[in-house]
Amino acid sequence: MTPQIEIGLSKRGERAYALDDVAVVPSRRTRDPQDVSLSWQIDAYTLDIPVLGAPMDSVMSPATAIELGRLGGLGVLNLEGLWTRYEDPQPVLAEIAELRGGRSNPATIARMQELYAAPIQAELIASRLAEIRQAGVTVAGSLTPQRTQDFYRTVVDAGVDIFVIRGTTVSAEHVSSSSEPLNLKQFIYELDVPVIVGGAAGYTPALHLMRTGAAGVLVGFGGGASSTTRRALGIHAPMATAIADVAAARKDYLDESGGRYVHVIADGGLGTSGDIVKAIAMGADAVMLGSTLARAEEAPGGGWHWGPEAHHAELPRGERVHLDVIGPMAEILHGPARHSDGSSNLMGALRRTMATTGYSDLKEFQRCDVVVAPVPTVG
């Protein structure tokens with residue numbers, strides 16, 4: 001149990017750590033990087049690298065999902081995004097890239113809300129997933145809990161391999177007096193495909209999600225580069241502590257269920273290769289990347305990055321941010337790197353850290369030693 005800190009006479013809180021607050025410690029053993037395996041398996045699907053592409057329109061299109069699959073990862077297509085609202089979303093993507101004004105310009109937000117008000121078309125969901133399937137890679141698509149009951153049958157019938165239910169936060173016990181909430185346990189039980197669900201940011205909510213039968217749990221709460229959730233809602237989950245807490249839930253659920261392993265996937269705030277390294281060191285099995293892959297030449301955002309929160313119809317809590325395009329996706333993931341800031345050759349950096357600390361696979365590396373060593377502020 002994390003000791004609580006007295007904030008004031010009437011309130012206590014736990015000390016939580018971000019990924020910048022921790023560092024990996026080398027051990028007595030090192031090994032050859034070529035002897036390190038980065039592969040992981042979720043349900044029946046084995047992937048060469050522990051990377052999922054975030055279901056964001058600036059990151060994943062059918063083409064980039066296919067490219068990520070060919071590079072060893074898993075691209076997750078946003079099935080509520082522009083690719084399922086427009087037959088040809090390229091002019092819309094170009095317009096978003098050309099919108100004037102600052103990050104939180106009201107006119108920019110209003111125009112994005114208008115563009116995303118176009119109806120989702122079931123036939124486009126089916127055709128986009130079919131396009132990915134024809135390329136011979138693992139097919140994954142994402143819906144929010146609010147849209148899952150409307151479109152899940154279309155998604156399953158289209159032949160999705162892995163189904164993702166992703167929101168800012170997803171609970172196993174949503175309460176509503178005005179509508180029938182999604183019964184996650186019943187829904188997952190009745191599906192024939194593995195389901196990844198999240199986000200969750202603590203031990204108890206993650207354990208409840210694991211009990212629904214989910215194959216994986218996303219860890220995070222509005223921690224990405226384009227999110228303003230902390231400013232808008234006052235909610236924030238420092239990732240190092242969140243991952244460690246959810247990994248503890250995974251261990252306890254493994255015992256409770258008699259051996260059922262649920263994968264922990266860090267989702268948000270992973271801007272560099274060092275962040276990815278530390279996320280796995282804290283207990284994650286894989287990472288879901290947004291802004292990191294939005295820097296790729298193939299990314300549909302063309303150097304701009306935004307999440308679904310940025311165009312929320314009632315309470316936008318995200319921003320359209322501009323990122324430097326640094327190279328092709330293959331270079332970002334596998335190198336060779338032309339940057340020294342941890343933005344490219346992400347998997348090469350992970351492999352080298354694992355070799356430097358003496359671990360040969362991801363499960364072993366989760367047991368590495370870490371220290372609390374906050375990055376000092378400059379200035």
Side-chain angles (χ1 to χ4, degrees), residues 38-56 60 65 68-69 72-79 137-145 148 152 155-156 160-172 182 184-185 187-189 191-221 223 237 239 242-254 256-257 259-270 276 279-280 282-290 361-363 366:
L38 300 183
S39 67
W40 72 296
Q41 181 173 335
I42 181 165
D43 202 79
Y45 303 97
T46 300
L47 302 170
D48 293 335
I49 57 175
V51 172
L52 290 78
M56 306 166 85
M60 286 288 110
L68 180 53
L74 177 66
V76 184
L77 189 66
N78 176 15
L79 301 179
V137 300
T138 304
V139 183
S142 174
L143 291 171
T144 61
T148 293
Y152 81 90
V155 175
V156 173
V160 73
D161 294 316
I162 297 176
F163 186 35
V164 179
I165 301 176
R166 183 178 187 257
T168 304
T169 187
V170 177
S171 73
L182 175 66
L184 267 178
K185 187 170 186 178
F187 174 80
I188 292 174
Y189 177 79
L191 281 187
D192 293 328
V193 299
V195 177
I196 297 172
V197 62
Y203 174 93
T204 299
L207 184 60
H208 286 181
L209 289 177
M210 292 172 186
R211 288 170 176 165
T212 67
V217 171
L218 299 172
V219 183
F221 192 104
M239 283 295 285
I243 295 168
D245 286 349
V246 176
R250 176 186 61 202
K251 178 178 181 297
D252 289 349
Y253 180 70
L254 186 69
E256 174 188 304
S257 63
R260 186 172 182 275
Y261 188 91
V262 179
H263 295 269
V264 173
I265 302 167
D267 178 14
L270 303 165
I276 295 170
I280 294 176
M282 296 305 298
D285 296 290
V287 295
M288 178 171 275
L289 301 181
D361 60 46
L362 297 171
K363 291 306 300 178
Q366 290 173 349

| remark: When every non-hydrogen atom of Ala214 is compared with those of Arg260, the smallest separation belongs to O-NH2, 2.9 Å

| task | For Leu191 and Val156, run side-chain contact (heavy atoms from CB on, under 4.5 Å): C-alpha distance rounded to whole Å, both residues' side-chain angles, the deciding distance at 0.1 Å, then the answer. | result | CA-CA 8 Å; Leu191 281 187; Val156 173; 3.7 Å; yes

| query | Looking at side-chain heavy atoms only, is the closest gap between Leu218 and Val164 below 4.5 Å? | reply | yes

| query | Looking only at heavy atoms, which two atoms of Ile243 and Ala284 are closest? And how far apart? | reply | CG2-N, 3.6 Å

| field | For Gly290 against Ala54, the heavy-atom pair lying closest together | value | CA-CB, 3.9 Å

| Any donor-acceptor pair under 3.5 Å linking the side chain of His263 with the backbone of Gln41? | yes

| query | Are side-chain heavy atoms of Arg211 and Glu256 found at a separation under 4.5 Å? | reply | yes

| note | Nearest heavy-atom approach of Gly53 to Leu68 is N-CD2, 3.4 Å

| Hey, is the main chain of Val264 close enough, under 3.5 Å, to the side chain of Asp285 for a donor-acceptor pair? | yes

| field | pair Val217-Arg250: side-chain heavy atoms closer than 4.5 Å | value | no

| message | Please report the interatomic distance CD1(Ile280) to CH2(Trp40), rounded to the nearest 0.5 Å. | response | 10.0 Å

| message | If you apply the rule side-chain contact (heavy atoms from CB on, under 4.5 Å), what do you find for Leu289 with Ile276, and how did you get there? | response | CA-CA 9 Å; Leu289 301 181; Ile276 295 170; 4.0 Å; yes

| request: Indicate yes or no: at least one non-hydrogen side-chain atom of Leu38 is less than 4.5 angstrom from one of Pro50. | output: yes

| remark: Residues at least two apart in sequence or cross-chain that pass side-chain hydrogen bond (donor to acceptor under 3.5 Å, both in side chains) with Tyr45, listed by chain then number, are Asp161

| remark: Value for CD (Gln366) from CG (Leu362), rounded to nearest 0.5 Å, stands at 7.5 Å

| field | Point-to-point distance, once rounded to the nearest 0.5 Å, from OG of Ser142 to CG of Leu77 | value | 9.0 Å

| said: Minimum heavy-atom separation for Leu209 and Thr212, please, with both atom names. | reply: O-OG1, 2.5 Å

| query | At what distance, to the nearest 0.5 angstrom, does OG of Ser257 lie from CE of Met210? | reply | 10.0 Å

| Atom CD1 of Ile165 and atom CG of Leu143: how far apart are they, to the nearest 0.5 Å? | 8.0 Å

| request: Compare every heavy atom of Pro55 with every heavy atom of Arg166, then report the nearest pair and how far apart it is. | output: CD-CG, 3.5 Å

| query | At what distance, to the nearest 0.5 angstrom, does CD1 of Ile42 lie from CG of Leu47? | reply | 8.0 Å

| Counting only heavy atoms not in Lys251, do more than 12 fall under 6.0 Å of its NZ? | no

| field | Check: Tyr152 ring centroid to Phe163 ring centroid under 6.0 Å | value | no

| Are Thr138 and Ile162 close enough that some pair of their side-chain heavy atoms sits under 4.5 Å apart? | yes

